[in-house]
Amino acid sequence: MSSGVRTKEPTNLEISIYGGRRGGIAGLATALALKQVGLSTRVLERNPELRASGAALTLFPNAWFALRALGVDHKLTSVYQSLKKSLVTNLETGATLEFDFGGTKDREDTAVRTVHRKALLQALAEELPPDTIRFSSKLISINSETLEDSSTATFLHLEDGTVIKAKVVIGCDGVHSAVAHWLGLSKTMKAGRSAVRGLSSYPEGHGFKMQVRQFIKGGVRAGFIPLNSKCVYWFLTEKSSSSGKLIVKYLE
């Protein structure tokens with residue numbers, strides 16, 4: 001064992017999932033998938049609660065197949081309307097390309113839909129046992145140790161002094177992953193894209209068709225997608241090396 005001083009005795013866990021600071025979809029989905037095959041986990045979340053911020057996600061058939069396997073798809077398909085098509089207009093040429101959406105094998109429940117990120121998080125979290133997510137769990141360090149029986153265990157040291165011993169550690173903590181750093185994985189690379197996303201609410205109804213509308217010009221793509229009859233998801237993305245300057249110009 002290492003010579004480090006522990007303020008608390010280690011908590012033994014078979015599988016520990018570190019979700020970082022975002023209350024991530026990946027961590028909750030992984031925990032739920034493992035639950036489906038009879039494995040218990042603990043999701044360590046840096047925040048004091050599930051993250052309520054974030055805009056929306058557009059989910060295609062493969063995503064709905066995965067959510068169906070996890071047993072949560074019906075919670076979302078009953079609330080969010082399916083999208084019928086996508087229209088992309090080039091503002092420089094005036095040309096518009098049209099793409100039709102549909103379900104798989106005529107199944108409406110696999111059609112393309114855009115959903116609130118928070119709603120997807122809640123749908124996953126509701127299916128987990130109450131003590132699965134450990135909130136306010138900021139990870140300070142990770143180390144592996146060889147035990148007296150020659151087996152190896154990984155110790156997760158948290159900011160509050162808790163030490164968790166796990167046989168398996170799964171990192172679902174995003175771009176600045178502490179787990180990836182511990183594993184020695186290569187550093188992340190800049191994608192060369194900046195984005196601004198948001199939601200607009202129309203209490204009396206927005207009147208838009210259930211379709212994706214996108215407009216492209218000079219390296220900027222703008223668009224909006226209705227989530228339902230009263231909420232619209234909108235976005236501006238820039239694919240360049242100017243660090244969001246074009247987006248700021250458009251917003252001004």
Heavy-atom distance under 4.5 Å between the side chains of [X] and [Y], does that happen here?
{"X": "Lys167", "Y": "Ser151", "answer": "no"}
{"X": "Thr58", "Y": "Val212", "answer": "no"}
{"X": "Asn143", "Y": "His157", "answer": "yes"}

Are [Y] and [X] co-members of a hydrophobic cluster defined by side-chain heavy atoms under 4.5 Å apart?
{"X": "Ile25", "Y": "Val79", "result": "yes"}
{"X": "Val232", "Y": "Leu87", "result": "no"}
{"X": "Val43", "Y": "Leu39", "result": "yes"}
{"X": "Ile140", "Y": "Tyr18", "result": "no"}
{"X": "Val220", "Y": "Ile216", "result": "no"}

Nearest heavy atoms of [X] and [Y], plus distance in Å:
{"X": "Ala56", "Y": "Thr114", "result": "CB-CG2, 3.8 Å"}
{"X": "Pro226", "Y": "Phe208", "result": "CG-CB, 4.0 Å"}
{"X": "Leu236", "Y": "Ala222", "result": "CD2-CB, 3.2 Å"}
{"X": "Thr152", "Y": "Ser144", "result": "CG2-CB, 4.2 Å"}
{"X": "Lys230", "Y": "Asn228", "result": "N-OD1, 2.9 Å"}
{"X": "Ile142", "Y": "Ala178", "result": "CD1-O, 4.2 Å"}

Rounded to the nearest 0.5 Å, what separation is found between the [atom1] atom of [X] and the [atom2] atom of [Y]?
{"X": "Glu127", "Y": "Gln122", "atom1": "CD", "atom2": "CD", "value": "12.5 Å"}
{"X": "Lys138", "Y": "Asn47", "atom1": "NZ", "atom2": "CG", "value": "11.5 Å"}
{"X": "Lys85", "Y": "Phe101", "atom1": "NZ", "atom2": "CZ", "value": "11.0 Å"}
{"X": "Ile164", "Y": "Leu44", "atom1": "CD1", "atom2": "CG", "value": "4.5 Å"}
{"X": "Arg68", "Y": "Leu70", "atom1": "CZ", "atom2": "CG", "value": "12.0 Å"}
{"X": "Arg134", "Y": "Thr162", "atom1": "CZ", "atom2": "OG1", "value": "4.0 Å"}

Let me see the working for Ile133 and Leu28 under side-chain contact (heavy atoms from CB on, under 4.5 Å), right down to the final yes or no. CA-CA 8 Å; Ile133 306 173; Leu28 298 183; 3.6 Å; yes
Report the C-alpha separation of Asn90 and Val88 in whole Å, then their side-chain angles, then the decisive distance to 0.1 Å, and conclude whether the side-chain contact (heavy atoms from CB on, under 4.5 Å) test is met. CA-CA 7 Å; Asn90 187 321; Val88 183; over 6 Å; no
Ring pair (Phe, Tyr, Trp, His ring centres under 6.0 Å): which pairs involve residues 74-94, sequence neighbours left out? Tyr80-His116
Using a 3.5 Å cut-off and no angle test, enumerate the donor-acceptor pairs between side-chain atoms of residues 196-204 and protein atoms at least two apart in sequence or in another chain.
from, atom 1, to, atom 2, distance (Å)
Arg197, NE, Tyr233, OH, 3.4
Ser200, OG, Trp234, NE1, 3.4

Would you find a donor on one side and an acceptor on the other, under 3.5 Å apart, between the side chain of [X] and the backbone of [Y]?
{"X": "Trp64", "Y": "Asp73", "answer": "no"}
{"X": "Thr30", "Y": "Ala26", "answer": "yes"}
{"X": "Arg42", "Y": "Ser16", "answer": "no"}
{"X": "Trp182", "Y": "Ser141", "answer": "no"}
{"X": "Thr132", "Y": "Pro130", "answer": "no"}

Is there a side-chain contact (heavy atoms from CB on, under 4.5 Å) between Ile170 and Thr41 once you walk through the steps? CA-CA 10 Å; Ile170 301 174; Thr41 62; over 6 Å; no
Let me see the working for Gln211 and Leu83 under side-chain contact (heavy atoms from CB on, under 4.5 Å), right down to the final yes or no. CA-CA 5 Å; Gln211 59 188 21; Leu83 299 169; 5.7 Å; no
Test: Glu126 and Lys75 ion pair at under 4.0 Å: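 Between Lys75 and Glu126 there is a salt bridge, with a charged N closer than 4.0 Å to a carboxylate O.
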